[in-house]
Amino acid sequence: IGRDLYNIAGASTVYAKPGGPIYASVTDVSSSGTSEIDLWSQTVAADVLNANGESLHFVYGGEFGVTALAMQLKVYFAGTQIYASGSFANSDSDWLVEGGVTRVTYSTARCITKLSTGLNTLFKFCEYTALSTLTFTGTNVLKITGQIAITGGAFITFHQGKIYHEAAT
């Protein structure tokens with residue numbers, strides 16, 4: 001753990017550090033309109049997941065502000081939605097989205113994502129997604145988005161996030 005991987009494949013020039021953070025953000029981004037916006041979008045370097053069983057673990061945190069109806073968080077990997085909270089009502093509360101993308105074969109991955117909040121409301125707590133036709137030798141984007149269907153001072157704010165690389169065991 002914490003040692004460089006020296007077996008770079010493909011066109012990547014980035015060494016992955018297994019067991020540790022590879023990307024982080026503490027830039028506040030807020031969604032206050034009715035359009036789906038990127039709260040944090042990170043391009044993952046080529047070949048970071050260069051062996052079966054390797055994973056990306058992500059943690060995003062923020063807050064919902066002001067009572068609003070029809071708020072939603074979504075997570076995407078390689079252009080495919082891997083989590084959607086579903087539309088739910090909220091009042092002032094914090095939120096945490098956590099999940100992982102695990103390479104299964106040279107072109108497939110499995111994803112699991114969960115949402116935790118202080119809200120006592122209905123939303124999709126956890127979602128499993130199987131992905132196919134991926135290219136790990138190229139870059140892939142991992143991002144979280146937010147959307148509010150009805151405005152009026154309501155907002156979703158992203159405060160921080162980290163993406164970790166986990167080596168296959």
Side-chain angles (χ1 to χ4, degrees), residues 1-31 35-63 71-87 94-117 123-147 156-169:
I1 298 204
R3 59 187 166 82
D4 289 340
L5 295 177
Y6 293 103
N7 58 339
I8 293 181
S12 178
T13 59
V14 176
Y15 292 104
K17 298 206 182 277
I22 56 174
Y23 304 107
S25 177
V26 292
T27 302
D28 288 348
V29 177
S30 290
S31 168
S35 299
E36 180 179 10
I37 70 155
D38 291 353
L39 297 173
W40 184 32
S41 180
Q42 179 63 56
T43 300
V44 177
D47 297 310
V48 168
L49 299 178
N50 66 358
N52 296 346
E54 288 190 341
S55 298
L56 295 175
H57 177 80
F58 53 89
V59 180
Y60 306 128
E63 67 180 309
M71 299 188 105
Q72 183 166 220
L73 292 170
K74 294 181 182 178
V75 178
Y76 295 84
F77 181 72
T80 300
Q81 179 183 297
I82 61 172
Y83 174 80
S85 63
S87 183
D94 299 327
W95 56 265
L96 176 75
V97 173
E98 191 170 11
V101 176
T102 302
R103 177 180 159 154
V104 178
T105 69
Y106 69 93
S107 65
T108 63
R110 294 181 183 145
C111 311
I112 191 82
T113 308
K114 70 177 181 176
L115 169 63
S116 303
T117 76
F123 57 88
K124 186 180 276 184
F125 174 74
C126 191
E127 185 169 352
Y128 166 80
T129 306
L131 299 176
S132 59
T133 64
L134 296 172
T135 304
F136 294 108
T137 56
T139 61
N140 288 293
V141 174
L142 179 60
K143 70 178 181 176
I144 184 167
T145 67
Q147 184 173 10
I156 301 171
T157 299
F158 168 90
H159 288 302
Q160 64 184 27
K162 272 195 181 172
I163 301 171
Y164 300 84
H165 177 261
E166 298 172 341
T169 55

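- Taking OH from Tyr76 and OG from Ser41, the interatomic distance works out to 11.5 Å, rounded to the nearest 0.5 Å.
- Residues Ser31 and Gly146 come closest through the heavy atom pair OG-O, 3.6 Å.
- Looking only at side-chain heavy atoms (C-beta outward), Trp95 and Leu115 come within less than 4.5 Å of each other.
- A 6.0 Å sphere centred on OH of Tyr106 holds no more than 12 heavy atoms belonging to other residues, nucleotides or ligands.
- Residues Val29 and Ile37 share a closest heavy-atom pair of CG1-CD1, 4.3 Å.
- Note that the NZ atom of Lys74 and the CD1 atom of Ile82 stand 13.0 Å from one another [nearest 0.5 Å].
- Nearest heavy-atom pair, Thr43 versus Tyr23, reported as atom, atom and distance to 0.1 Å: O-OH, 3.5 Å.
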* Could you please spell out the steps behind the side-chain contact (heavy atoms from CB on, under 4.5 Å) verdict for Leu142 and Phe58? => CA-CA 9 Å; Leu142 179 60; Phe58 53 89; 3.8 Å; yes
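- In this structure, the ring-ring contact (aromatic ring centres under 6.0 Å, His included) partners of Phe158, at least two apart in sequence or on a different chain, are Trp40.
- Counting heavy atoms from C-beta outward, Val44 and Leu49 have side chains that stay 4.5 Å or more apart.
- Annotation for Ser116 and Phe125: closest pair OG-CE1, 4.3 Å, computed over non-hydrogen atoms.
- In this structure, His57 and Glu98 have side chains that are in contact, with non-hydrogen atoms separated by less than 4.5 Å.
- Counting non-hydrogen atoms of other residues, nucleotides and ligands closer than 6.0 Å to NZ of Lys143 gives a total above 12.
- Scanning both residues, Ile156 and Met71, for their nearest heavy atoms gives CG1-CE, 3.2 Å.
- Side chain of Thr105 to backbone of Ser107: a donor-acceptor contact under 3.5 angstrom is found.
- In this structure, Asn50 contributes its side chain and Thr137 its backbone to no donor-acceptor pair below 3.5 Å.
- The two residues Tyr164 and Pro21 make their nearest non-hydrogen contact at CD2-N, 3.5 Å.
- Note: Gln42 CD to Ile144 CD1 = 13.5 Å, rounded to the nearest 0.5 Å.
- Within the model, atoms CD of Gln160 and CG of Leu96 stand 9.0 Å from one another, a figure rounded to the nearest 0.5 Å.
- At least one side-chain heavy atom of Asn140 sits under 4.5 Å from a side-chain heavy atom of Phe77.
- Taking the side-chain contact (heavy atoms from CB on, under 4.5 Å) definition, one finds that Glu63 meets it with Asp94, Phe155, Thr157, His159, sequence neighbours left out.
- In summary, of the residues considered (Thr113, Thr145, Leu39, Thr117), a side chain to side chain contact (heavy atoms under 4.5 Å, CB included) with Leu73 occurs for Leu39 alone.
- For Gln72 (side chain) and Gly86 (main-chain N/O), a donor-acceptor pair under 3.5 Å exists by modelled atom type.
- In this structure, the side chain of Glu54 does not engage the main chain of His165 through any donor-acceptor pair within 3.5 Å.
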